[in-house]
Number of protein chains: 2
Amino acid sequence: MHAQAAPLTLPSLREACSQCNLRELCLPMGLSPAELDQLDQLVHVRRRVLRGQHLYRCGDAFESIYAIKTGFFKTDVLLEDGREQVTGFQMAGEILGLDGISTEKHTCNAIALEDSEVCVIPFAELEDYSREIGALQHHFHKVMSREIVRDHGVMMLLGIMRAEERLAAFLLNLSQRFLARGYSPTEFNLRMTRNEIGSYLGLKLETVSRAFSRFQDEGLIKVHQKHIQILDVDGLKKLLSDRRT
Amino acid sequence: MHAQAAPLTLPSLREACSQCNLRELCLPMGLSPAELDQLDQLVHVRRRVLRGQHLYRCGDAFESIYAIKTGFFKTDVLLEDGREQVTGFQMAGEILGLDGISTEKHTCNAIALEDSEVCVIPFAELEDYSREIGALQHHFHKVMSREIVRDHGVMMLLGIMRAEERLAAFLLNLSQRFLARGYSPTEFNLRMTRNEIGSYLGLKLETVSRAFSRFQDEGLIKVHQKHIQILDVDGLKKLLSDRRT
DNA sequence: CAGGAGCTTTGATCTGCGTCAACGTGAACT
DNA sequence: AGTTCACGTTGACGCAGATCAAAGCTCCTG
């Protein structure tokens, strides 16, 4: 079927949830120290996924969800004719695989955009722990709900925004997520190609490229290939609210 | 704030989950009779929502999710400038309000498209019962996951399909859902306007209207105002696969 | 049953983004 | 240092769907 990195059993608990610096962004958010110790039992396998490799594919049996420890992913759905809809970009602390719960098969592909490492969370066990730890149960529900809200945001992008609004919203969203992870919100490297951005935003790569150039001409950002510097956050935000009728 | 129908305490258990004819579509799906009896304790308020009224609004505090007992809803997000993105249409047996879990505020509006009745499911209590009834917990997770998968489908509609493909997909989706509820999959009344369909599909109402007319000219459907008759299901399906490059 | 409001249909025209094409750029090889 | 290849930029042109406009249909209300 498909090449899959060998699962990696944890040699120690040094990197267990309780010690992980992502714990306040990730699934263990808001758990007490005692509860956190319980959670350390849950995550006992980690998996390395090299750039370009699939973490899972559409149609794969669903058994686990994944928390990104390091790296960057995209999820996409492919049509028979080869067209691709990128449904999201995920970074450290975010959860992958929630789509598989409903049918017990994954319904999209998850592909690493850089060398990455994920914590494998066996779903049946997560449900067991959730029944014991109310805070975990509740937080997991929040994670799923957040994904639904995020999807609604993407629908708005795709349904009612024009090209430049979409790209501005995209940049601002990345910016915030980098900030939340302690990185610069104004200067970062894109991990995805123009084509992937376009596929996410419902645009062609040429349109994405032109919009980047336009933003640069207007002094909103500085772009050099994948390197982005945001010079005028408010200017970008204004693009979102200043919508022509 | 906003007008709200008075909650309706159940006078009897005649319409409790265990007796409800939607139980195999709705939250109680797959529960044992004993578990079903437990669930009857959970749903003790029902609410009537007249056509055009809001079940909840964006910004309202989140306390409950809702199972549609009868009727038809839309959910939407409004932009300051008045533009609307319809994020979904919901019918009997489907669950509303999952978006509110993440922030404890609703992030969209839910509006009845016909006089409707919903079962109010206090969310904190649902979580309590979920911790006791594994099958309920698991099914609730499936419901949330299904919503995520559905959203991905909408992204594909909006991101990569052309106008007629979107409308065909929309009609086929409605058709299946009516079938699952024991109604004719080939003849039904739309509860939403052309404008609402357009807003859902990322199209203008004129484009929706034209696409309906074209489908009719091609003998795929018969349309008269809100009444739809599907004459050639396979023809509609073919529209989805026969995508031009 | 007249008048009007809301929705739908249809035609004419416009435009934002897609498409096609050519060229530029940088990183990873030899 | 030169070659290659994937990715990005830019320009010219075309088209799907938006916009503008007008008229028709249905169902309400007085």
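We name chains A, B, ... by the order of the sequence lines, and we start the count at 1 in each one.
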Rounded to the nearest Å, what distance is computed from the [atom1] atom of residue [X] to the [atom2] atom of nucleotide [N]?
X: B:I221; N: C:dT8; atom1: CD1; atom2: C1'; value: 14 Å
X: A:M161; N: D:dA18; atom1: CE; atom2: C1'; value: 18 Å
X: A:I160; N: D:dG17; atom1: CD1; atom2: C1'; value: 17 Å
X: B:H227; N: D:dC25; atom1: NE2; atom2: C1'; value: 17 Å
X: B:L190; N: C:dT8; atom1: CG; atom2: C1'; value: 12 Å
X: A:R83; N: C:dG18; atom1: CZ; atom2: P; value: 11 Å
X: B:R162; N: D:dA16; atom1: CZ; atom2: C1'; value: 8 Å
X: B:N189; N: C:dT8; atom1: CG; atom2: P; value: 12 Å

Q: Could you go through the salt bridge (charged side-chain N to carboxylate O under 4.0 Å, His left out) check for B:E84 and B:K74 one step at a time?
A: CA-CA 12 Å; B:E84 173 194 36; B:K74 71 168 175 182; 2.9 Å; yes
Q: Answer with yes or no after comparing the ring centroid distance for B:F89 and B:Y200 against a 6.0 Å cut-off, counting only values under it.
A: yes
Q) Does atom CD of A:Q176 have more than 12 heavy-atom neighbours, drawn from other residues, nucleotides or ligands, at distances under 6.0 Å? A)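 Open: at most 12 neighbouring heavy atoms sit under 6.0 Å from CD of A:Q176.
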**Q.** Base versus backbone protein contacts along nucleotides 7-13 of chain D [heavy-atom cut-off under 4.0 Å; B, S, -]
**A.** SSBBBB-
Q) Looking for any heavy atom pair under 4.0 Å, which part of the strands does B:G198 touch: base, sugar-phosphate only, or nothing? A)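 Answer is nothing: B:G198 stays at 4.0 Å or more from every strand.
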Q. Between B:E94 and B:R181, is there a salt bridge with N-O shorter than 4.0 Å?
A.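 Result for this pair is yes, salt bridge flagged.
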Q) Looking at A:E114 and A:R191, does any basic side-chain N land under 4.0 Å from a carboxylate oxygen? A) yes
Q | Minimum heavy-atom distance A:R47-A:L55, with the two atoms named | A |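 In terms of heavy atoms, the two residues are closest at NH2-O, 3.0 Å.
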